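Remarks on the structure that follows.
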Protein chains: 2
Amino acid sequence: MSNNQFKRGELYSFITGKASTAIARRLQKNFKQSSLDITIEQWSVLYHLWKKDGQSQQQLCDATFRDKPSITRLVDNLEKLKLVKRVPSKNDRRINMIYLTKEAVNLQEKTMELANQTLNEALQGVSNGQVEIAKEVLQVVYDNLK
Amino acid sequence: MSNNQFKRGELYSFITGKASTAIARRLQKNFKQSSLDITIEQWSVLYHLWKKDGQSQQQLCDATFRDKPSITRLVDNLEKLKLVKRVPSKNDRRINMIYLTKEAVNLQEKTMELANQTLNEALQGVSNGQVEIAKEVLQVVYDNLK
DNA sequence: TTTGATTAGTTGCTTAAACAACTATATGTC
DNA sequence: GACATATAGTTGTTTAAGCAACTAATCAAA
């Protein structure tokens, strides 16, 4: 049996996620300073639509690791902001396909630049090798609990 | 100039914090299965009081990386659950000192056991060395943005 | 082809986060 | 001592998460 079965000391920060909270806050602040009036959560939905426009709400649930009510309401708010549109699927009338508006497409460049800038601020002094290991660990944790 | 100034690829998971969200959800689920009716956020406040009982709300803000209104309301809810008590400081009448009740003291052992168990589930297959590096990276990120 | 189960999405409710605006107390300076 | 400033905590508002309960559409099996 591996050592990992036993107590590993001060792992509390894994649970509270102070670091990712801090990054999210900083990114939100950077959005605000650039007069971008979207939340990080809204941005995270747009992020997946920029990668692939036209996804069902269920696909967005899976992509963003959120439950259905959360996506319903995020899409509600994004629709109010005229950043996405719900388009009922013709094949399957249960499904809403979510599409970006022109406005949302225009947000991509600026916000991704701010996101990269924020990550660089956050990762000052961390080597690429260390970042890779951290990413791997977080991925394994996610997969273990999924 | 270091490489870290440049784009580092798929770092999105750092921002959304999927892994820490997953751990928090799993711990919440494990609490529920053991009929422990507290939230992870409430537990995180208790955690710091178990380390040192009798802290001001401001100290709890610093310890838990939350703002003052958040702590006000968490303490409100913990008081409703009869897990903590606000005691006005005699030296400084602005300050509330927060103390654990007997009930809360009794929660420590069981919940910490569940927390360790949850971390072990999460970290299956991750070596201690990797965990150490991940912790260091998260700490640097936190310090960079603090 | 009808019945039962599954899938997609919505609504209601409680808890919490973030921010601004506020009250009350304490401190420091002239 | 009086006034400005800082500190501790509260309240109001918006956004979001998580869970349960719900509707509507689809699928599958007899």
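A, B, ... follow the sequence lines: proteins, then strands. Residue 1 opens every chain. Values reported hereafter were calculated over all heavy atoms of this structure, with side chains retained and with hydrogens, waters and symmetry mates removed. Quick caveat: nothing in here was measured; it's all calculated off a predicted structure.
Picking from D/dA17, D/dT26, D/dG12 the nucleotide with the shortest atom distance to the side chain of A/R93 gives D/dT26. Nearest nucleotide to the side chain of A/Q42, out of D/dA20, C/dA8, D/dA16: D/dA16. Which of D/dG9, C/dC19, D/dC19 sits closest to the side chain of A/P69 comes down to D/dC19. Nearest nucleotide to the B/R25 side chain, out of D/dG18, D/dT11, D/dA16: D/dG18.
Checking the phosphate oxygens (OP1, OP2) of D/dA17, a side-chain nitrogen or oxygen of A/S70 falls inside 4.0 Å. For C/dT15, neither phosphate oxygen OP1 nor OP2 lies less than 4.0 angstrom from any side-chain nitrogen or oxygen of B/R66. Here B/T72 reaches the OP1 or OP2 of D/dT10: one of its side-chain N or O atoms lies under 4.0 Å away. Side-chain N/O atoms of B/N96 include one lying less than 4.0 angstrom from OP1 or OP2 on D/dT10.
With rounding to the nearest 0.5 Å, the separation of CG in A/L46 from CG in A/D53 is 10.0 Å. From B/L114, atom CG reaches atom CG of B/L36 across 6.0 Å, with rounding to the nearest 0.5 Å. Taken to the nearest 0.5 Å, the CD atom of A/Q59 stands 12.0 Å off from the NE2 atom of A/H48.
The interatomic distance linking A/K29 (NZ) with C/dA20 (P) rounds to 11 Å, in whole Å. The separation between A/R94 atom CZ and C/dA8 atom C1' is 6 Å, rounded to whole Å. When rounded to the nearest whole Å, the span between CD of B/Q57 and C1' of C/dT25 equals 15 Å. The nearest whole Å value for the distance from the CD atom in B/E41 to the P atom in D/dC19 is 11 Å. Between the C1' atom of D/dT15 and the CG atom of A/L81 lies a distance of 11 Å, rounded to the nearest Å. Straight-line distance from the CG atom of A/D37 to the P atom of D/dT14: 15 Å, rounded to whole Å. One atom, NZ of B/K68, and another, C1' of C/dC22, lie 11 Å apart when rounded to the nearest Å. For B/I40 and D/dC19, the CD1 to C1' distance is 14 Å, given to the nearest whole Å.
Residue order along DNA chain D, read from the 5' end via each residue's closest nucleotide, puts B/I95 first among B/I95 and A/F65. With the nearest nucleotide of DNA chain C identified for both A/R73 and B/R73, A/R73 has the one nearer the 5' end. Nearer the 5' end of DNA chain C, as judged by each residue's closest nucleotide, is the contact made by A/D76, out of A/D76 and B/I71. Between A/N91 and B/D92, the residue anchored closer to the 5' end of DNA chain D is B/D92, taking for each the nucleotide with the nearest heavy atom.
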Going through the distances and angles, do B/T16 and A/F65 end up as a side chain to side chain contact (heavy atoms under 4.5 Å, CB included)?
CA-CA 9 Å; B/T16 53; A/F65 192 50; over 6 Å; no

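Using a 4.0 Å cut-off between a side-chain N of Lys or Arg and a carboxylate O of Asp or Glu, B/K82 and B/E103 do not qualify as a salt bridge. Ion pairing between a basic and an acidic side chain is recognised when a charged N comes within 4.0 Å of a carboxylate O; A/D143 and B/K18 show no such pairing.
As judged by a 4.0 angstrom heavy-atom cut-off over every strand, B/K32 is placed among residues touching the sugar-phosphate backbone only. Among the atoms of the strands shown, only primed sugar atoms or phosphate atoms (P, OP1, OP2) are found under 4.0 Å from some heavy atom of A/T39.
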